[in-house]
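Values below: all heavy atoms of this structure, side chains included; hydrogens, waters and symmetry mates excluded. Labels below follow one simple rule: chain letters A, B, ... track the order of the sequence lines, proteins then strands, and each chain is numbered from 1. Quick caveat, the model's predicted, so the values are computed rather than measured.
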Number of protein chains: 2
Amino acid sequence: MKKLPDKTVERLSQYRRSLLNCLANGKKHIFSHEIANLHHITPVQVRRDIMLIGYTGTLRKGYDIQELVDLIGEIIDTDEGQNVAIIGIGNLGRALITYLQGKRSKLRIAAGFDINKDKVDRVYGGVQCYHIDQLEDTVQKENITIAIITTPADETQKISEMLVKAGIRGILNYTPTAINVPDHVYLEEYDMITSLEKVAFFVKKNSLTV
Amino acid sequence: MKKLPDKTVERLSQYRRSLLNCLANGKKHIFSHEIANLHHITPVQVRRDIMLIGYTGTLRKGYDIQELVDLIGEIIDTDEGQNVAIIGIGNLGRALITYLQGKRSKLRIAAGFDINKDKVDRVYGGVQCYHIDQLEDTVQKENITIAIITTPADETQKISEMLVKAGIRGILNYTPTAINVPDHVYLEEYDMITSLEKVAFFVKKNSLTV
DNA sequence: ATTAAATTGTTATTTTATTAACAAGGATAA
DNA sequence: TTATCCTTGTTAATAAAATAACAATTTAAT
């Protein structure tokens with residue numbers, strides 16, 4: 001398969017979620033403009049994304065939802081699934097656990113890590129919490145490939161180095177501190193304050209021009 | 001000021017945070033390549049962003065950090081600041097409260113909302129939790145312009161309609177359900193599962209090609 | 001049977017974002 | 001003083017993403 005654009009990958013994940021929803025409601029086929037409406041985008045964009053993954057709908061009948069879901073799964077997921085670690089079992093870490101567990105995703109939260117003795121060895125939403133010192137062992141034992149960092153800002157770079165050393169292949173960083181990782185580790189960073197400030201900026205802007 | 005690109009706005013918010021950090025460490029000036037290193041981007045990008053907001057550094061001395069911080073503030077913030085509501089005081093809502101409170105930002109979390117009787121009328125991290133029925137009153141009383149939705153997925157659209165009706169001007173939606181709002185309301189959506197699946201996709205891809 | 005309407009797949013165009021290129025000026029060193 | 005090296009600001013080029021345009025084809029309507 002040719003290289004998928006970044007944004008297309010993101011949208012495919014989103015499409016899949018709405019599509020699963022549709023399936024759950026007994027819907028079998030869907031038009032590009034229906035998908036588009038569910039995601040504030042244009043039908044062209046949807047058709048283009050679907051074209052890029054090589055799926056083809058039926059003229060005037062739209063896309064077979066199950067087939068499309070399956071195909072997106074083939075693209076995004078691995079056959080065996082991947083195991084995920086959450087670093088930092090604070091509010092955000094726990095939010096992610098409740099949020100991700102029980103989704104039919106191929107991503108399984110295999111372990112949590114913290115330094116707080118009160119949290120270590122407890123189970124949160126079905127996820128065992130280990131001390132951060134056990135990171136390397138646990139990552140290997142549980143075959144964890146992805147880590148989500150939700151710790152306070154200070155320690156971020158040190159933690160990311162531990163993760164890389166432990167053999168993690170992808171990191172999702174929710175702390176406000178950007179980190180550096182070697183090329184072979186995929187890094188995605190997201191900063192909630194930035195998102196909020198962005199909203200604030202555009203609210204301000206709209207107030208001025210309206 | 002001419003229109004700032006979306007991405008520039010995001011980066012300015014991020015620059016400001018690292019710059020404040022630098023200030024706290026007693027640093028007074030900074031070069032474009034230093035900012036770039038802190039954010040995994042190129043010095044050109046930094047210079048371009050700074051050019052776009054009309055600030056000018058000193059040749060061979062870099063940018064005056066305090067001046068730059070102040071200018072970014074003028075652009076992003078309003079003089080009086082803006083008030084923010086958090087809808088849904090679950091783990092994510094509480095994470096946001098701890099995360100945002102006490103930052104020197106001009107964004108103040110003025111109220112939380114929930115439907116759970118146990119949470120209503122309690123105070124979380126200094127933020128009063130109201131019943132969702134009190135939304136409209138409280139938004140007006142507290143002059144709230146921005147809302148962050150952290151409720152479970154099902155109710156999202158209904159909540160967004162309540163928010164719009166209450167006069168909210170910007171929404172940051174953390175639920176996995178996309179919502180529709182009128183044009184005068186700025187909407188930013190972020191979906192944690194999508195981010196995670198994106199990481200998973202690229203980890204998979206790297207494993208194949210390496 | 002013919003026409004009109006709907007919907008896909010794809011190429012072309014436009015817009016947005018990033019990167020490269022480089023002139024200009026000031027600091028430092030010889 | 002003169003030459004060299006940095007570092008900025010800006011324009012030009014490239015790349016990525018989104019949108020528009022439209023041919024093709026099936027269904028439905030007349």
Side-chain angles (χ1 to χ4, degrees), chain A residues 1-15 19 22 27-65 67-68 71-72 178 186-189 194 198 201-202 205, chain B residues 1-15 19 22 27-65 67-68 71-72 178 186-189 194 198 201-202 205:
Chain A
M1 156 117 29
K2 52 261 153 199
K3 190 165 120 313
L4 288 180
D6 244 65
K7 291 295 174 67
T8 295
V9 174
E10 289 180 19
R11 283 190 297 262
L12 288 172
S13 157
Q14 287 160 359
Y15 297 164
L19 292 173
C22 293
K27 198 168 160 68
K28 296 276 186 274
H29 291 85
I30 195 164
F31 296 124
S32 61
H33 65 261
E34 292 178 291
I35 300 181
N37 285 341
L38 293 171
H39 296 277
H40 316 315
I41 55 177
T42 63
V44 197
Q45 181 101 81
V46 173
R47 295 206 297 276
R48 207 164 195 297
D49 287 336
I50 290 177
M51 180 189 79
L52 289 174
I53 62 174
Y55 183 67
T56 246
T58 315
L59 198 45
R60 274 192 81 112
K61 226 176 134 190
Y63 303 97
D64 181 298
I65 300 181
E67 283 179 13
L68 192 45
L71 181 55
I72 295 176
Y186 181 84
L187 174 64
E188 173 88 9
E189 307 202 294
T194 288
K198 188 177 168 194
F201 171 80
F202 284 105
K205 212 183 72 164
Chain B
M1 155 119 26
K2 52 260 153 200
K3 190 166 120 316
L4 287 180
D6 244 65
K7 292 294 174 67
T8 294
V9 174
E10 290 180 19
R11 283 190 297 261
L12 288 172
S13 157
Q14 288 160 358
Y15 298 164
L19 292 173
C22 293
K27 198 169 161 66
K28 296 275 187 273
H29 291 85
I30 194 165
F31 295 125
S32 60
H33 65 262
E34 292 178 292
I35 300 181
N37 285 341
L38 292 171
H39 296 276
H40 317 315
I41 55 177
T42 63
V44 195
Q45 181 102 80
V46 173
R47 294 207 298 276
R48 206 165 196 298
D49 287 336
I50 290 177
M51 180 188 80
L52 288 174
I53 62 174
Y55 183 67
T56 248
T58 315
L59 199 44
R60 271 187 85 110
K61 226 175 133 190
Y63 303 97
D64 181 297
I65 299 182
E67 283 179 14
L68 191 45
L71 182 54
I72 294 176
Y186 181 84
L187 174 63
E188 173 90 9
E189 308 202 292
T194 288
K198 189 177 168 193
F201 171 81
F202 284 106
K205 212 182 70 164

| said: Nearest whole Å is fine: how far is C:dA6 C1' from A:R47 CZ? | reply: 11 Å
| request: Verify whether one side chain among A:H40 and B:E189 offers a donor that lies under 3.5 Å from an acceptor in the other. | output: yes
| task | Go through residues 6-15 of chain B and report each residue with a non-hydrogen atom lying under 4.0 Å from DNA chain D, sorted by number. | result | none
| request: Please test A:I41 against A:I35 for side-chain contact (heavy atoms from CB on, under 4.5 Å), starting from the C-alpha separation and ending with a verdict. | output: CA-CA 8 Å; A:I41 55 177; A:I35 300 181; 5.8 Å; no
| remark: Atom CG of B:D64 and atom P of D:dT7 are separated, to the nearest Å, by 17 Å
| note | Looking only at D:dT8, C:dT7, C:dT10, the nucleotide nearest the A:M51 side chain is C:dT10
| task | Examine C:dG9: is either OP1 or OP2 under 4.0 Å from a nitrogen or oxygen in the side chain of A:T56? Give yes or no. | result | yes
| Is there a donor-acceptor pair closer than 3.5 Å between any side-chain N or O of B:T42 and the backbone N or O of B:Q45? | yes
| Contact nearer the 5' end of DNA chain D, comparing A:P5 with B:T58 | B:T58
| query | Ion pair present between A:K28 and A:E67, side-chain N to carboxylate O less than 4.0 angstrom? | reply | no
| query | Is the A:H29-A:Y63 ring centre distance short of 6.0 angstrom? | reply | no
| message | If I take atom CD1 in residue A:I53 and atom C1' in nucleotide C:dT10, what distance separates them, rounded to the nearest angstrom? | response | 16 Å
| task | Round to a whole Å and report the spacing from OH of A:Y55 to C1' of C:dT8. | result | 12 Å
| query | Can you tell me how far C1' of C:dA27 sits from CZ of B:F31, to the nearest Å? | reply | 11 Å
| note | Whichever of A:L59 and A:Q45 has the more 5' nearest nucleotide on DNA chain D, that residue is A:Q45
| request: Decide side-chain contact (heavy atoms from CB on, under 4.5 Å) for B:F31 and B:E34; before the verdict, give the C-alpha distance in whole Å, the side-chain angles of both, and the deciding distance to 0.1 Å. | output: CA-CA 5 Å; B:F31 295 125; B:E34 292 178 292; 3.5 Å; yes
| said: Does D:dT8 have its OP1 or OP2 closer than 4.0 Å to a side-chain nitrogen or oxygen of B:S32? | reply: yes
| note | Separation of D:dT25 atom P from A:K61 atom NZ, nearest Å, is 18 Å
| task | Would you mind reading off the distance between A:H40 atom NE2 and D:dT19 atom C1', rounded to a whole angstrom? | result | 18 Å
| query | Choosing from C:dT11, D:dT25, D:dA12, which nucleotide comes nearest the side chain of A:R48? | reply | C:dT11
| remark: Note: for A:R60 and A:V44 on DNA chain C, the residue whose nearest nucleotide lies more 5' is A:R60
| field | Electrostatic pair A:K7-A:D49, nearest N-O below 4.0 angstrom | value | no
| query | Which whole-number value in Å describes the distance from B:I30 CD1 to D:dT7 C1'? | reply | 14 Å
